[in-house]
**Q** 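Pasting a structure here, questions to come.
Per chain, numbering begins at 1; letters A, B, ... match sequence-line order.
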Amino acid sequence: MARDGSGPADSALVSALLRWYSTNERPLPWRHTTPWGVLVSEFMLQQTPVDRVLPLWEVWLDRWPTPEALATDSVADALRAWGRLGYPRRARWLHQSAVVITQQHGGEVPSDPEALRALPGVGDYTTAAVLAFAFGQRSVVLDTNVRRVVARTVHGIAQPAPHVTTAERARADGLWPRTHARSARWSAAVMEFGALVCTARQPGCDRCPVQRTCAWTLAGQPTPPVNSSRQAQYEGSDRQVRGRIMAVLRDSPRPVGVVALRAASADDAQRDRALDGLVTDGLVTRLPRGRYALPD
DNA sequence: TATCCGTGGTG
DNA sequence: TCACCAAGGAT
């Protein structure tokens, strides 16, 4: 039977997972905080597990309880506080967003989709997430968890496409509850369900409340096509060297010279390449006489 | 649009 | 051991 994403089976799915969420929701601190607290959490959670974000989010919100507080401090402060969370460009984007919020939005995280989407480091997902989780608005929150749950339970495939397609978004919109409050809660519920039960590797189908109606299970849980594009090797990569350079600069209270950066890579060409990239990305400042530092 | 961007845990 | 995975975004 063809599914258009708005039939009674979908209503049953929504109701069942909302019920599951009512007794399985983790007490994460960003469930009850300010819009700024939500925005910080969303930046930190991009491609980063919850357990690693938790302690750092507490530190950040204590130190910078408002966008203005962060905007007043330097990018270097933000990069040091980001520590080893990964993707330090997120710390810079978050700092830049804090500046924009302070200067253009009166210090308040905007609740307007266009204004949110215009902030550096804020894409389609983060825009939808802030609308739902900070402002209780209806938005179709499509993250990796949500997309996997919908792909399986509704579309009957093990994995969603590599990127969100127009058709996928349209079908999800048909599935999403119409009211603001129910939509926002559903977004959190389906995301939590994907993170805790309908996981990527070993889904807990024995604990799943919608196993009987799951399209993927009914189809015999067909395995996904083999992933043709493999993840690039990290060991020895420019990426690894960039990370090491950032670590040296974070740990140094003053600018460093090339000698200190040799610890990041003994390969002069690779080290220069990585440094150029970091300078271009605004994560490192090149000073006179061959010295380097984190940006002001 | 395919690729790049960090880091650490895991099966 | 090592490839995959984790509340993506920018170019």
Side-chain angles (χ1 to χ4, degrees), chain A residues 25-26 28-31 33 37-57 79 82-94 96-97 116-134 139-150 158-166 184 186-196 198-203 223-224 226-250 264 273-274 276-278 280-284:
Chain A
E25 173 188 5
R26 287 173 294 180
L28 303 175
W30 45 83
R31 306 261 198 227
T33 180
V38 172
L39 185 66
V40 172
S41 78
E42 293 303 339
F43 268 86
M44 290 184 169
L45 287 163
Q46 291 170 5
Q47 296 288 287
T48 308
V50 166
D51 288 347
R52 290 182 48 209
V53 168
L54 280 170
L56 213 58
W57 183 88
L79 286 168
W82 199 257
R84 303 189 62 80
L85 197 62
Y87 293 138
R89 54 180 53 182
R90 293 182 294 169
R92 178 168 180 269
W93 285 334
L94 184 50
Q96 288 181 310
S97 288
L116 279 170
R117 186 64 176 77
L119 296 173
V122 174
D124 290 338
Y125 162 75
T126 302
T127 298
V130 171
L131 286 176
F133 305 145
S139 66
V140 180
V141 178
L142 291 182
D143 81 317
T144 184
N145 291 303
V146 174
R147 297 184 65 222
R148 185 175 56 249
V149 172
V150 173
Q159 292 178 354
H163 302 290
V164 178
T165 64
T166 313
W186 159 251
S187 290
V190 64
M191 187 178 299
E192 190 80 334
F193 183 72
L196 298 182
C198 196
T199 54
R201 285 195 241 189
Q202 291 196 328
T223 54
V226 288
N227 196 347
S228 55
S229 61
R230 285 173 186 164
Q231 179 173 298
Q233 184 174 340
Y234 184 65
E235 190 65 30
S237 65
D238 287 7
R239 211 163 161 173
Q240 182 183 47
V241 174
R242 285 170 57 111
R244 288 176 174 170
I245 291 172
M246 292 302 292
V248 169
L249 294 178
R250 277 198 310 272
R273 197 164 59 239
D276 286 346
L278 289 169
T280 299
D281 293 343
L283 296 173
V284 171

**Q** Supply the atom-to-atom distance A:Trp30 CH2 to A:Leu54 CG, rounded to the nearest 0.5 angstrom.
**A** 4.0 Å
**Q** Could you grab the distance from atom CG of A:Leu45 to atom CE of A:Met191, nearest 0.5 Å is fine?
**A** 9.0 Å
**Q** Considering every strand and a 4.0 Å limit on heavy-atom distances, what is the contact class for A:Trp30: base, sugar-phosphate, or nothing?
**A** base
**Q** C1' atom, C:dA6 versus B:dT1: distance in rounded Å?
**A** 23 Å
**Q** Base, sugar-phosphate or nothing for A:Arg148? Non-hydrogen atoms, less than 4.0 Å.
**A** sugar-phosphate
**Q** Determine whether a donor-acceptor pair (N or O, by modelled atom type, separation under 3.5 Å) exists between the side chain of A:Glu42 and the backbone of A:Val38.
**A** no
**Q** Each nucleotide in nucleotides 5-11 of chain B should get exactly one letter: B, S or -. Can you fill that in based on protein heavy atoms under 4.0 Å?
**A** BBBSBBS
**Q** Please check this pair: side chain of A:Thr199 against backbone of A:Ala195, looking for a donor-acceptor N/O pair closer than 3.5 Å.
**A** no
**Q** Please identify each residue that fulfils side chain to side chain contact (heavy atoms under 4.5 Å, CB included) with A:Gln96, with sequence neighbours left out.
**A**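 Partners of A:Gln96 by the side chain to side chain contact (heavy atoms under 4.5 Å, CB included) criterion, ordered by chain and then number, come out as A:Arg92, A:Trp93, A:Pro120.
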**Q** Output all residues satisfying salt bridge (Lys or Arg N to Asp or Glu O under 4.0 Å) with A:Asp281, sequence neighbours left out; order by chain, then residue number.
**A**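 Partners of A:Asp281 under the salt bridge (Lys or Arg N to Asp or Glu O under 4.0 Å) test: A:Arg89, A:Arg242.
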**Q** According to side chain to side chain contact (heavy atoms under 4.5 Å, CB included), who are the partners of A:Leu56, at least two apart in sequence or on a separate chain?
**A** A:Met44, A:Trp60, A:Leu85
**Q** Taking atom P in both C:dC2 and B:dC5, compute the distance separating them and give it to the nearest angstrom.
**A** 22 Å
**Q** For nucleotides B:dG11 and C:dA7, find the distance between their P atoms and express it as a whole number of Å.
**A**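 B:dG11 and C:dA7 have their P atoms separated by 15 Å.
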**Q** Treating A:Arg117 as the side-chain partner and A:Val122 as the backbone partner, does any N or O pair qualify as donor plus acceptor under 3.5 Å?
**A**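 Side chain of A:Arg117 to backbone of A:Val122, a donor-acceptor pair under 3.5 Å: yes, one is there.
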**Q** Expected output is a numbered-order residue list: members of residues 116-127 of chain A with a heavy atom under 4.0 Å from any atom of DNA chain B. What is it?
**A** none
**Q** With sugar-phosphate meaning primed atoms plus P, OP1 and OP2, does A:Ala129 contact a base, only sugar-phosphate, or nothing at under 4.0 Å between heavy atoms?
**A**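 Nothing: the residue A:Ala129, judged by heavy atoms under 4.0 Å, touches no strand.
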**Q** How long is the straight-line distance from CG of A:Leu131 back to OG1 of A:Thr126, given to the nearest 0.5 Å?
**A**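 Rounded to the nearest 0.5 Å, the OG1-CG separation comes out at 10.5 Å.
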**Q** Determine whether a donor-acceptor pair (N or O, by modelled atom type, separation under 3.5 Å) exists between the side chain of A:Thr48 and the backbone of A:Gln46.
**A**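 Yes; judged by distance alone, with no hydrogens or angles, the pair exists.
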**Q** When the nearest nucleotide of DNA chain C is assigned to A:His163 and to A:Ala195 on a heavy-atom basis, which residue is associated with the more 5' position?
**A**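 The residue mapped nearer the 5' terminus is A:Ala195.
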**Q** Considering every strand and a 4.0 Å limit on heavy-atom distances, what is the contact class for A:Leu28: base, sugar-phosphate, or nothing?
**A**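 The residue A:Leu28 makes base contact.
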**Q** Just to be sure I understand the rule, does A:Ser41 reach a base, reach only the sugar-phosphate, or reach nothing, if contact means heavy atoms closer than 4.0 Å?
**A** nothing
**Q** Below 4.0 Å from chain A heavy atoms, what is the first contacting nucleotide of DNA chain C and what is the last?
**A**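 First-to-last contact on DNA chain C, by the 4.0 Å heavy-atom rule, is C:dC4 to C:dA10.
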**Q** Check whether A:Arg84 reaches the backbone of A:Gly243 with its side chain - one donor and one acceptor, N or O, closer than 3.5 Å.
**A**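 Here the side-chain-to-backbone pair does not exist.
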